[in-house]
Amino acid sequence: MYFYVLPGPYRTGFGITSDYERRQKDYTGAWGGVAKFSHVFQGPTPHIKRLESVIKIQHKDILWHVDDWRTEWLDNAWSGNELAAFVREIISQRHLPIQELEI
């Protein structure tokens with residue numbers, strides 16, 4: 001399973017997927033331009049899901065909301081590099097078996 005960081009046209013996004021190359025194409029179709037993840041992390045599914053959950057819990061105040069929907073986009077608070085640094089910190093502190101990929 002993969003966790004990705006996506007510098008979007010308006011804000012930084014993140015998410016999880018089982019196929020990050022296909023997921024990039026999903027965004028490309030919606031944007032009308034090539035979407036590229038700035039950072040991709042790989043690990044066992046339960047750990048990747050937990051990583052995403054930690055971000056949503058610890059930083060719920062900076063998630064972008066559309067009406068009542070809390071999205072997986074940051075409310076312009078962090079860059080992709082800042083989010084990736086936070087992800088690395090979580091991985092290190094919790095000793096998660098997750099690795100950052102060279103993409």
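The analysis underlying the following values was restricted to heavy atoms, covering all of them including side chains, and did not include hydrogens, waters or symmetry mates. One-based numbering along the sequence shown.
- Note that the CG atom of Leu74 and the NE2 atom of His59 stand 9.0 Å from one another [nearest 0.5 Å].
- Between Arg23 and Asp19 there is no salt bridge, since no side-chain nitrogen of the basic residue lies less than 4.0 Å from a carboxylate oxygen of the acidic one.
- Using a 4.5 Å heavy-atom cutoff, the side chains of Ile91 and Glu100 are not in contact.
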**Request:** List the steps, then state whether side-chain contact (heavy atoms from CB on, under 4.5 Å) holds for Leu63 with Phe14.
**Result:** CA-CA 10 Å; Leu63 294 179; Phe14 64 92; 3.8 Å; yes
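- The NZ atom of Lys60 sits 8.5 Å away from the CD1 atom of Ile57 when rounded to the nearest 0.5 Å.
- Phe37 and Leu101 fall within a single hydrophobic cluster, where Ile, Leu, Val, Met, Phe, Trp and Tyr are joined by side-chain heavy atoms under 4.5 Å apart, directly or via other members.
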**Request:** Give the intermediate values and the outcome of side-chain contact (heavy atoms from CB on, under 4.5 Å) for residues Val87 and Phe3.
**Result:** CA-CA 9 Å; Val87 167; Phe3 177 90; 3.6 Å; yes
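- In the hydrophobic clustering of this structure, Trp73 does not group with Val54; members are Ile, Leu, Val, Met, Phe, Trp, Tyr whose side-chain heavy atoms approach within less than 4.5 Å, directly or through other members.
- Under a cut-off of 6.0 angstrom, the local environment of CD in Glu82 is crowded, with over 12 non-hydrogen atoms contributed by other residues, nucleotides or ligands.
- Using a 4.5 Å heavy-atom threshold, the side chains of Lys56 and Glu72 count as touching.
- Closest non-hydrogen pair, Leu6 versus Ala35, comes out as CD1-CB, 4.4 Å.
- Of the possible donor and acceptor atoms, none in the side chain of Ser92 sits under 3.5 Å from a partner among the backbone N and O of Arg88.
- Here the closest heavy-atom approach between residue Asp75 and residue Arg11 is recorded as OD1-NH2, 4.1 Å.
- In this structure, the separation between CG on Leu51 and CE on Met1 is 12.0 Å, given to the nearest 0.5 Å.
- A distance of 10.0 Å separates CD in Gln42 from CD1 in Ile98, rounded to the nearest 0.5 Å.
- Shortest non-hydrogen contact noted between Arg70 and His65 is NE-NE2, 3.4 Å.
- Taking the side chain as every heavy atom from C-beta outward, Leu83 and Ile55 approach each other to under 4.5 Å.
- In this structure, Tyr20 and Tyr2 have perpendicular ring planes: the angle between them is above 60°, well past the 30° mark.
- In this structure, a donor-acceptor pair under 3.5 Å is present between the side chains of Asn81 and His39.
- Ring-centre distance between Trp78 and Phe86: below the 6.0 Å cut-off.
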**Request:** Using the side-chain contact (heavy atoms from CB on, under 4.5 Å) rule, take Arg50 and Leu96 through it: C-alpha gap first, then chi angles, then the decisive distance, then the call.
**Result:** CA-CA 10 Å; Arg50 182 66 186 140; Leu96 299 176; 5.7 Å; no
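- Ile16 CD1 to Lys49 NZ: the interatomic distance, rounded to the nearest 0.5 Å, is 6.0 Å.
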